[in-house]
Visitor: 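After the structure tokens below, expect a handful of questions from me.
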Protein chains: 2
Amino acid sequence: MQQQKLATIEDVAALAGVSIATVSRAINEPTKVAEATRRKVTEAVARTGYTTNAMARSLRMRRSNMILILAPDVGDPNFSNILVGLETEASKRGYGVLIGNTQNDPSRETDYLRFISSNQADGLILFTGHLPFGYGQDGNETRLPPMVAVNEPVPNADVPFVGVDNFAGARIATEHLISQGHKRIAFIGRAPGREVNRLREEGYRTALTGAGLTVDPRLIIDGDGTTESGRAAAELMFVRDALPTAFFCVNDATALGVLISLSARHYDLPRQFSIMGFDDISFSSFVSPSLTTMKQPRTRIGEAAMDLLLGMLAGETPKESQILLRAELIVRNSVGRVG
Amino acid sequence: MQQQKLATIEDVAALAGVSIATVSRAINEPTKVAEATRRKVTEAVARTGYTTNAMARSLRMRRSNMILILAPDVGDPNFSNILVGLETEASKRGYGVLIGNTQNDPSRETDYLRFISSNQADGLILFTGHLPFGYGQDGNETRLPPMVAVNEPVPNADVPFVGVDNFAGARIATEHLISQGHKRIAFIGRAPGREVNRLREEGYRTALTGAGLTVDPRLIIDGDGTTESGRAAAELMFVRDALPTAFFCVNDATALGVLISLSARHYDLPRQFSIMGFDDISFSSFVSPSLTTMKQPRTRIGEAAMDLLLGMLAGETPKESQILLRAELIVRNSVGRVG
DNA sequence: ACCATTGATGTAAAGGTTTTCATGGATTGT
DNA sequence: ACAATCCATGAAAACCTTTACATCAATGGT
């Protein structure tokens, strides 16, 4: 096979006429070695095509320069965009990223712990919203590696979180609707049990109150964030005959449901109703009318999370327990002026 | 920190009252060790919480049980769905996956080679459509690890490929249009230089010929697979006044462009024109009318590719130079009966 | 001219496995 | 009853680094 033996540090040492310790130093701490020998070593490295064996290195140094990313669904577009940021930052700092798709299956979560317990990964990025199943068992808390949560915070655990500022984003979104003359604005997707939904509703309420508008409970509809829930919510409002001029939806999927419902009723959008989403998922620009929404800075979230984690790995203690990045208003065609 | 020393194989051996060799065997080749000692070892493992140090293991065995996935854009939804399959299969077989986002940057590609040359990965999955920059240089071909190409084949290199059967898929798609009574069917997205486009065009032609229809060159329009190219192609056909009853588009993005163009002209779809896509990307079910298309079996592609690679790693020689999986016809609302 | 300090290099240990080879006891066949 | 075989186990080498410590020469200060 291709197992043509690779050059080791000894080969380099022999060729350069120095000891292996010197070679190691020449590579890792160039200042600690004399100019002349450094050159000899560099040349020998080039000639042998030597690259340091990461396994031996990791074994000796007890760190792998690898980060494990645990996510419930790797296929989720939300995940993949954050992944770009995570990967970019890690790679820039000489780390590799390992991915683990848990599918919310406890046994798979436990399975991935071997990467940690076997020293194959130094740190953990959690997309799952909870500690991996199997941790914090049998009092052995000390085994927890440095971790950072992304996308969803981990409740009841001291895990720093990096994500979008849902409250501020929802507020900006609602204020945008208000600035377009809307006074009766619905909130679709209330779910007090879900942190994300709760914060977005809070931002919505704050914006209304701040503009001197009253919050009408009949305009706040429950929803679990799916397209279907958005459709159902819109239908419900027609049945109840308590109609807004604008729908602020907890996310784009919900907004799409509302849009489908209104289109089916042949309303002229955005003339008769405005729709505002949150997230800016991929199809938001393709639907008709294209969706005005709040864009999550996903790449930057990934970068910030990885930066935080690598800092912790280097011994820094995180200054904040969470880092919230601002969402950006993307104006498209689903919001119009009222009146 | 959490560096509370982990249990080693020696701790287990001491507790079980056997040698470390026996412990290793009890874990890795249970049949080679007596029933009684095996139980002692198992218990000692449980009590110490021992997990084998992957670094030491990899160092000794000269394999890491890691696969490196090199992709130009990790954020691409096409990638992430295949990734699910890759990851699932790898994990099932005890392998981990490492991801590398190259952004088509040669220096980044070269950079990731260190994972190979430093023994951090045993095999390579290529999404890039070409060998990583820096390989096959200086005649050192032997350094190439086992590789499998996915998504895009690697030209001029002996790399097995796993992907969708574009020819058969395009043929099925076209035959579906024919079955709905269409006789004047356009092909949007001709690009003979691109393998994917060429094969899909070929499938289209074969279906027409097979049904006794003539191929009208005026109905075959160039395009690079972008939404804009689809829009432009449709406009061009109106200008030329050589109109089909159905548009078979090289991919969904192109189909979307056609759909936008026709919608803007206020045609009633699919009554006046039918549109067929290829790929089944995420928004295809959301546009109006929702897109009839060929679905790529992405998860299965990932699984098949990983299965092939792991087989090669185990010493098998791949039987075929490529594995083509069938695309599945997804009937939605953009194709209607003619007449 | 001598001692103390600095700076560059080398020696050897440690990191935790897997696996070859040797050893000794038990089993089998005649 | 004895030789031949087999089976379970142990000792030790090998995998390739990094780094604490030792060594030795050169430099600088008095």
Side-chain angles (χ1 to χ4, degrees), chain A residues 3-42 44-45 48-66 94 114-120 122, chain B residues 3-42 44-45 48-66 94 114-120 122:
Chain A
Q3 266 314 19
Q4 165 222 32
K5 234 177 142 186
L6 297 177
T8 79
I9 200 172
E10 290 209 60
D11 301 329
V12 177
L15 189 59
V18 297
S19 78
I20 61 167
T22 303
V23 173
S24 176
R25 277 190 287 257
I27 293 172
N28 302 312
E29 308 158 295
T31 60
K32 291 202 174 178
V33 58
E35 170 69 20
T37 42
R38 194 188 335 170
R39 271 208 309 273
K40 278 193 296 183
V41 170
T42 316
V45 165
T48 53
Y50 170 77
T51 26
T52 107
N53 181 314
M55 294 315 167
R57 175 178 236 265
S58 297
L59 173 58
R60 172 63 220 234
M61 302 191 66
R62 292 176 150 145
R63 48 205 293 266
S64 56
N65 278 28
M66 286 283 168
R114 77 189 147 88
F115 285 111
I116 299 297
S117 59
S118 71
N119 277 337
Q120 262 180 117
D122 302 334
Chain B
Q3 268 310 21
Q4 165 221 35
K5 232 175 150 190
L6 298 177
T8 79
I9 200 171
E10 291 209 60
D11 302 329
V12 177
L15 189 59
V18 297
S19 78
I20 62 168
T22 303
V23 173
S24 175
R25 277 189 287 257
I27 293 172
N28 302 312
E29 309 158 293
T31 62
K32 292 203 175 176
V33 60
E35 171 68 20
T37 42
R38 193 188 336 171
R39 272 207 309 274
K40 279 192 296 184
V41 170
T42 318
V45 165
T48 54
Y50 170 75
T51 24
T52 107
N53 181 315
M55 294 315 168
R57 175 177 235 264
S58 298
L59 173 58
R60 172 62 219 235
M61 301 191 66
R62 290 172 150 151
R63 47 206 289 268
S64 56
N65 278 26
M66 287 282 166
R114 77 189 147 89
F115 285 112
I116 300 296
S117 59
S118 70
N119 277 334
Q120 263 179 117
D122 302 333

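What you see is a predicted model; the values in this text were computed from it and never measured.
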Visitor: Five pairs per end, C1' atoms only: what is the angle between the end axes of the helix from C/dA1-D/dT30 to C/dT30-D/dA1, to 10 degrees?
Guide: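 What I find for the helix from C/dA1-D/dT30 to C/dT30-D/dA1 is an axis angle of 30°.
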Visitor: What is the nucleic acid contact for B/Ser24, judged by heavy atoms within less than 4.0 Å: base, sugar-phosphate only, or nothing?
Guide: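 It contacts base atoms.
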Visitor: From CG of A/Asp11 over to C1' of D/dC16, roughly how many Å is that when rounded to an integer?
Guide: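 Roughly 11 Å, once rounded to whole Å.
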Visitor: Is any N or O donor-acceptor pair between the side chain of A/Arg60 and the base of C/dG16 shorter than 3.5 Å?
Guide: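 No, no donor-acceptor pair under 3.5 Å.
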Visitor: For B/Arg62 and C/dT18, give me the distance from atom CZ to atom C1', rounded to whole Å.
Guide: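 Nearest whole value for this atom pair: 12 Å.
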Visitor: Expressed as a whole number of angstroms, how long is the span from B/Leu6:CG to C/dT17:P?
Guide: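 Checked: the CG to P distance equals 9 Å.
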Visitor: By the 4.0 Å heavy-atom rule, please label B/Ala21 as base, sugar-phosphate, or nothing.
Guide: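 Base contact.
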Visitor: Hey, does the side chain of A/Thr8 come within less than 4.0 Å of D/dC16's phosphate (OP1/OP2), counting only N and O?
Guide: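 For D/dC16, neither OP1 nor OP2 has a side-chain N or O of A/Thr8 closer than 4.0 Å.
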Visitor: State whether the distance check finds a donor on one side and an acceptor on the other, under 3.5 Å, for side chain B/Arg25 versus base D/dG10.
Guide: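 Checked by distance alone, the answer is yes.
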Visitor: Contact class for B/Ser58 vs. all strands (heavy atom < 4.0 Å): base, sugar-phosphate, or nothing?
Guide: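 Since no nucleic acid heavy atom lies under 4.0 Å of B/Ser58, the category is nothing.
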Visitor: So, does A/Thr22 get its side chain near the phosphate of C/dG10, meaning an N or O under 4.0 Å from OP1 or OP2?
Guide: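 Yes, because at least one side-chain N or O of A/Thr22 sits under 4.0 Å from OP1 or OP2 of C/dG10.
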Visitor: What is the distance from CG of B/Asn119 to C1' of D/dC16, rounded to the nearest Å?
Guide: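 Taking atom C1' of D/dC16 as the reference, CG of B/Asn119 is at 10 Å.
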Visitor: Answer yes if the side chains of A/Thr8 and A/Glu10 hold a donor-acceptor pair under 3.5 Å, and no otherwise.
Guide: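 The criterion, which ignores hydrogens and geometry beyond distance, is not satisfied for A/Glu10 and A/Thr8.
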Visitor: Expressed in angstrom and rounded to an integer, what is the separation of A/Asn65 atom CG from D/dT18 atom C1'?
Guide: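 Computing the A/Asn65:CG to D/dT18:C1' distance gives 14 Å.
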Visitor: Using whole Å, what does the distance between atom P of nucleotide C/dT20 and atom CE of B/Met61 come to?
Guide: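 After rounding, the reported distance stands at 11 Å.
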